[in-house]
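Convention: sequence-line order gives letters A, B, ...; per-chain numbering from 1.
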Amino acid sequence: MKLPISWINEFVKFPKTTKTEVIVDHLVKLGYEVEGVEIFGDVQGPLVVGKVEKIEILNEFKKPIRYCTVNVGSKVNGIICGASNFKEGDLVVVALPGAVLPGDFKIAERETYGKISQGMICSAKELGFSDNHDGIIVLATGLKLGSDAKDLLGLGETVLDIAVLPDRGYAMSVRGIGRELSLAMNVKYIDPITQKIPKIKKSTKLKSNIKTDKASKLAVVLLKDYDSNSITPMFMQKRLAQSGLRSISLPVDVTNYLMLEIGQPLHAFDADKVSGSVQIRNAKQGEVLETLDHVKRKLGQQDLVIADTKKVLSVAGVMGGLESEITDKSTNLIIESAVFDKGSISRTSRNLKLPSEASKRFERGTDSSVNEYTAILAAQYLAKYGEAKIQGISLAKKTIKAQSISFNPQEVKRLIGVDIDVAVISKILKSLEIKITKSSKTWKLQPPTWRHDLNMPADIVEEIVRIWGYHKIPSRLPNTQIGRGLSKSQIIKKSISIKLAGMGANEVLNYPFVSLDQIESLGITSKDQRHNLVRLANPLSEDLPYLRTSLIPGLFEALSRNISRGADNISLFEQGSVYIKSNASKKSIKPKLLKRPSAKEINDLNSILPIQPKMVSAIFSGEKYQSGWWQNSQKFSWNDPIEMVVKICAEHGINVNLKNVKLAPFHPGRCAEISVGNTIIGYAGEFNPSILEKNGISGKVYGFEINVDVIVNNSQDKHAPIFSAMPVVKEDLAFVVSKDVTAREMTETIGKSAGELLESVRLFDVYEGSNIAEGKKSMAFSLRFRASDRTLNSEEIAKLRGQIVSAIEKQHQGSLRA
Amino acid sequence: MSPDSNLLCEETINQAVVQALKEIQLAKNLEELKNVRLNHAGEKSPIALANREIGSLEGTAKADAGKRIGEARNKVKIALDDRTVELQNEREDSILIAEKVDVTQVLANANSSSLMVGARHPLTTIAEHISDVFIAMGYEVAEGPEAESEWFNFDSLNISEDHPSRSSSDTFYVESMDSGVVMRTQTSPVQIRAMLERKPPIYVIVPGKVFRTDELDATHTPVFHQVEGLAVDKNLTMADLKGTLDHLAQSMFGSGIETRFRPSYFPFTEPSAELDLKCFVCKGETKKRKDCKTCRSEGWIEWGGCGMVNPNVLETAGIDSSKYSGFAFGMGLERTLMFRYGITDMHDLVESDIRFTSRFGLGL
Ligand SMILES: [Zn+2]
């Protein structure tokens with residue numbers, strides 16, 4: 001909301017010399033952000049009122065050019081002008097040689113179009129106070145020629161752009177901001193609604209009524225014989241322009257002016273287009289109104305309208321109808337001023353996507369006691385400046401019970417932690433025009449009609465502290481409980497993240513939005529639970545309407561982006577939620593407020609949510625170690641991601657099982673299912689090259705996706721190991737076995753046959769090819785034996801070796817490789 | 001066995017010493033010197049053998065022989081030590097010098113070894129840092145679902161049915177506009193969950209991902225991160241809130257940081273406030289402020305919203321608002337990160353470019 005300081009100053013009596021910074025500082029402390037401080041029309045040098053005495057039209061140029069003889073008081077100047085919206089005898093604004101207009105535009109006497117032009121006739125745009133006005137400013141009559149036009153136009157005045165919080169509708173006006181500022185600055189305040197207005201008799205012709213419970217007051221004034229050639233007085237034009245509103249016509253300007261000054265939006269209708277009584281009612285379902293912007297609006301029962309007996313005139317509080325709009329032929333007018341339910345206006349303006357200056361005020365709540373006053377004031381302006389004759393007024397209202405608040409002044413200390421003297425509290429409340437009835441410890445408070453934001457003691461506390469000064473609230477630390485640090489699951493999530501980064505991967509945070517194509521391009525079919533996609537009702541892009549069921553699509557995309565930006569050897573990981581549509585179709589519930597929902601209600605609220613497991617996924621591409629002067633390169637391999645998962649799980653006490661499985665998007669022969677007991681932790685291995693190609697990625701990529709919740713739930717406490725200080729005996733054994741014998745089967749057999757003296761077994765080589773029979777492979781193991789109480793001798797080792805070899809022969813038909 | 005007086009005679013010993021000193025000087029490298037040491041100072045060296053015989057002597061003879069041998073040993077030891085140092089120096093001057101590398105090669109190739117280190121996203125680590133500050137004050141880290149029921153995200157937080165933030169131009173709705181499920185627009189629903197799961201005193205900090213239907217541009221992203229704090233206890237006041245946020249500001253921006261409270265409005269707090277930081281770049285000084293990009297010449301940086309928990313919210317969470325009071329606050333992590341580390345474009349935070357993350361390493 002833009003307001004010139006001079007307008008506020010009319011009602012708030014701070015010295016004219018008060019610095020803008022001081023005013024801004026007060027507003028900020030009261031909770032009003034000042035989003036801009038502008039100098040309205042920054043013009044230097046002579047700018048005067050002139051009278052166009054003669055216009056000579058020069059036709060020999062591309063467009064008609066006017067050579068005007070302009071009386072600027074002390075002399076008569078010849079001025080060239082390209083605009084044509086003025087006539088001989090009009091008073092205009094003249095920038096004389098030596099003037100500097102906004103944009104460092106210097107005016108000088110110069111020769112142009114074959115004439116000497118001694119200055120410029122100005123438009124609002126050239127003076128820097130309106131973007132829309134290309135036309136020349138034509139001033140009202142009766143001004144002294146040669147007098148300074150800067151004051152007249154309000155040029156050089158300071159305009160504040162003030163942000164008003166959504167609960168403070170009362171501050172959306174000079175009246176509201178003025179009252180607040182006068183409190184902060186401790187200066188005299190004159191309420192604009194105490195200006196003198198005439199008494200208007202009840203109209204005999206015009207009736208009004210309210211046919212909805214979403215409106216409480218309506219005032220309509222009928223005016224006759226309005227002179228449609230009337231010009232808006234200069235003071236009003238100036239302030240509207242300063243506030244960023246266009247001057248349209250006297251009736252519209254008057255309603256806008258009063259809306260800015262008092263905060264009550266008004267609407268003016270052409271009375272000849274209205275038949276019967278004026279009423280506020282709910283629209284009928286499907287009722288259509290063409291609004292001022294030439295759009296036909298379909299309305300619903302929840303929308304309020306102003307109507308006559310036959311038709312809709314306007315969308316109440318939002319926008320007028322085209323048919324009843326005031327035109328340059330209108331002579332009989334109706335001024336309408338009402339009080340609406342704020343929620344109702346808010347909903348309608350949002351549904352119609354029609355935010356207007358009026359709706360912005362109504363949806364924050366207007367003063368319920370000024371609609372009649374403002375309607376009469378508007379009528380008075382139209383009578384004074386537009387020759388209109390006031391015919392009469394019609395009022396309708398519904399009684400609304402004023403709610404009082406019972407307030408204990410101790411609440412201030414309880415919520416703020418500061419002892420503010422009761423007398424100070426009382427004084428602040430009175431200054432806010434809150435009526436206090438004191439009885440015992442608790443006070444009964446009656447907020448004024450414009451304060452829709454004061455409903456409970458906490459609201460009152462905020463008001464007291466706001467005026468007392470938020471900046472004076474002391475800083476102190478509470479005596480908190482003694483904490484226990486991160487939970488087990490939080491520690492695990494953090495350690496996984498650190499571990500993966502430590503292993504060389506970069507963490508990314510991708511958007512969760514995916515397309516069906518993306519999911520299906522991973523080879524995920526409808527049988528897979530990752531195909532149970534959750535759809536957004538209003539996605540940002542219809543191309544990506546679903547939520548991810550896997551982190552891999554995001555990682556593939558991030559990989560491609562990094563490759564396209566020239567990176568190679570990329571390792572990425574992400575930790576985050578995926579969203580799986582739950583099969584249970586349950587209806588949403590809304591537990592009652594102001595009391596704790598029951599366990600069943602909480603359960604019902606949770607049951608409608610998608611399943612949201614926390615996953616970790618990583619991908620690796622290119623070289624693990626690059627080659628160079630230090631070593632040979634080493635590429636990532638299918639075993640790397642599997643090993644990482646095994647290590648992550650081991651760190652949290654989980655001994656996993658591995659199994660070869662076929663699962664998209666992994667390579668059908670190189671994918672490990674990683675599980676603990678019967679629970680699957682996730683999958684790891686090499687990605688299917690065809691799927692990578694579909695995703696625009698060439699070369700080999702490896703990765704994993706695991707469920708962190710499963711790791712958390714299966715994690716075991718760690719125990720310190722017991723280890724022997726006796727010497728170790730190392731023994732390497734290679735076996736030739738059938739190709740389908742797995743490493744896991746071999747190590748299990750070795751482990752069982754060797755017993756507890758076997759400390760560890762490691763597969764260090766797998767070989768197929770020459771010297772090995774078709775369908776067979778050689779697997780070489782490095783074994784470590786150790787006893788806890790003695791040095792093992794060669795006889796013992798030979799015995800163990802014999803046990804292992806015979807077990808492998810027996811169970812896997814394997815033979816010791818010579 | 002009778003003592004072998006030959007071994008102990010002065011001449012023999014002197015000769016042994018002369019021989020030893022000669023061989024020590026002749027040793028060309030440390031390897032040869034090692035053999036010399038074995039021969040002349042080892043267990044079977046003439047001096048060591050002579051030493052064994054001392055036990056068979058008596059009286060002054062024993063004392064004389066002991067002294068002699070001690071001196072001889074000492075001479076050999078000193079010569080050996082000196083020669084060792086000489087030869088070591090010699091080795092460093094020749095052989096190790098030849099093994100010299102160019103250490104700047106490492107800078108010329110940042111990935112020259114197997115010590116490849118990745119990075120965590122700075123949003124993760126800043127959330128961790130803030131959580132750490134609060135854990136130190138006794139808070140717990142609380143979490144909640146990202147696809148959240150409308151009741152938790154709006155209703156329970158005193159946000160009215162026709163509040164503009166519920167519109168489809170602000171909030172992502174899941175499946176349908178009336179499903180009752182949204183992508184949470186704030187971390188505040190976790191406040192309610194935390195209160196329902198615990199009994200006062202409650203002190204929780206909630207870092208998390210939130211969603212709003214904003215297109216990605218230099219300052220907006222549809223998916224962003226917040227950190228939310230909630231405290232519910234007896235006698236909690238706005239002064240406690242101010243102190244807590246001052247402490248956080250100091251731990252993030254240094255102990256000199258200045259803060260201010262400004263009145264504000266949030267449906268779930270009353271009284272409500274905005275917390276501003278005095279710009280730590282221009283310090284709000286009129287002259288420097290003019291070109292300051294960090295605060296956009298305002299002198300202050302809007303950091304987060306906060307206030308005393310609205311009594312209606314406490315009651316909905318089953319907490320007696322006449323007995324307990326609470327405070328809550330929330331701030332955007334992207335914004336915090338951006339002005340704390342001079343990140344000028346939101347794209348850098350969401351595009352997963354490893355050149356960005358790797359700059360931040362494992363922690364901030
Ligand atoms: Zn600054």
Side-chain angles (χ1 to χ4, degrees), chain A residues 28 31 165-167 343 346-347 350 415-417 458-459 461-462 465-466 470-471 473-478 480-483 485-486 490 497-498 501 504-511 534-538 540 558 562 567 571 577 579 588 590 593-594 596 605 608-610 612 625-626 628 630, chain B residues 109 111-112 114 116 118-121 123-124 135 137-141 145-147 149 151 155 162 164 167-168 172-177 179-181 201 203 213 222-223 236-240 242-243 246 260-265 270-271 273 308 311-312 315-316 318 325 352 354 357-358 362:
Chain A
V28 169
L165 292 167
D167 62 331
S346 157
R347 225 169 300 136
R350 208 169 65 227
L415 291 179
I416 308 301
D459 298 330
V461 171
E462 180 178 89
V465 182
R466 193 170 66 95
Y470 263 48
H471 58 286
I473 297 173
S475 182
R476 135 179 114 212
L477 283 169
T480 50
Q481 63 188 353
I482 294 162
L486 292 177
Q490 287 158 354
S497 158
I498 293 171
N506 278 271
E507 186 181 20
V508 293
L509 296 165
N510 295 310
Y511 287 167
V534 176
R535 196 183 203 286
L536 293 175
N538 55 330
L540 265 189
N562 276 288
S571 304
S577 294
Y579 315 84
S588 72
K590 292 245 161 160
L593 299 175
L594 303 180
R596 186 191 165 91
L605 282 168
I608 59 170
L609 303 179
Q612 300 172 61
Y625 311 130
Q626 291 177 348
W630 56 89
Chain B
N109 189 328
N111 294 327
S112 69
S114 58
M116 287 255 282
R120 305 169 77 204
H121 199 284
L123 283 167
T124 305
I135 287 169
M137 290 192 275
Y139 284 57
E140 278 178 72
V141 176
E146 290 166 6
S149 81
W151 189 85
D155 299 58
D162 41 45
S167 79
S168 63
F172 286 114
Y173 282 79
V174 170
E175 299 294 348
S176 72
M177 294 301 293
S179 64
V181 182
Y203 291 89
T213 58
V223 183
L236 281 183
T237 69
M238 237 170 144
D240 298 307
K242 180 78 167 35
D246 280 350
R260 77 172 178 196
F261 261 177
R262 213 160 23 88
S264 192
Y265 170 75
E270 190 72 34
M308 300 305 291
N312 295 344
E315 296 291 338
T316 298
S325 56
S352 310
I354 54 174
T357 36
S358 54
L362 293 185

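- For A:Arg350, the part sitting under 4.5 Å from any heavy atom of chain B is the side chain, from C-beta outward, and nothing else.
- With a 4.5 Å cut-off on non-hydrogen atoms, B:Met308 touches chain A through its side chain but not through its backbone.
- Contacts of A:Val28 with chain B are made by both backbone and side-chain atoms, with heavy-atom separations under 4.5 Å.
- B:Asp240 places a side-chain heavy atom less than 4.5 Å from the side chain of A:Arg476.
- Side-chain contact between B:Thr213 and B:Ser168 is absent, with no heavy-atom pair separated by less than 4.5 Å.
- In this structure, A:Asn510 and A:Ala558 approach most closely via the heavy-atom pair OD1-CB, 4.0 Å.
- Contact between A:Pro610 and B:Val181 at its shortest, heavy atoms only, is CD-CG1, 4.1 Å.
- Heavy-atom distances place the side chain of B:Leu362, and not its backbone, under 4.5 Å from chain A.
- For the residue pair B:Asp246 / A:Ser475, a side-chain donor-acceptor distance below 3.5 Å is found, with atom types taken as modelled.
- A:Ala505 touches chain B through its backbone: at least one of N, CA, C or O sits under 4.5 Å from a heavy atom, while the side chain does not.
- Per-residue heavy-atom pair counts under 4.5 Å with chain B were compared for A:Thr480, A:Ile482, A:Ile473, A:Val508, and the maximum is reached by A:Thr480.
- Proximity of a side-chain donor or acceptor of A:Glu507 to a complementary backbone N or O of B:His121 within less than 3.5 Å is detected.
- For a residue to count as touching a neighbouring chain, one of its non-hydrogen atoms must lie under 4.5 Å from one of that chain's; by this rule A:Ser497 touches chain B with backbone and side chain alike.
- Of the listed residues (A:Ile608, A:Leu594, A:Leu165), the greatest number of heavy-atom pairs within a distance under 4.5 Å of chain B belongs to A:Leu594.
- Options A:Leu486, A:Ile498, A:Val461, A:Val465 differ in how many heavy-atom pairs under 4.5 Å they form with chain B, and the most are formed by A:Ile498.
- Proximity to chain A (any heavy atom under 4.5 Å) is shown, for B:Ser264, by both the backbone and the side chain.
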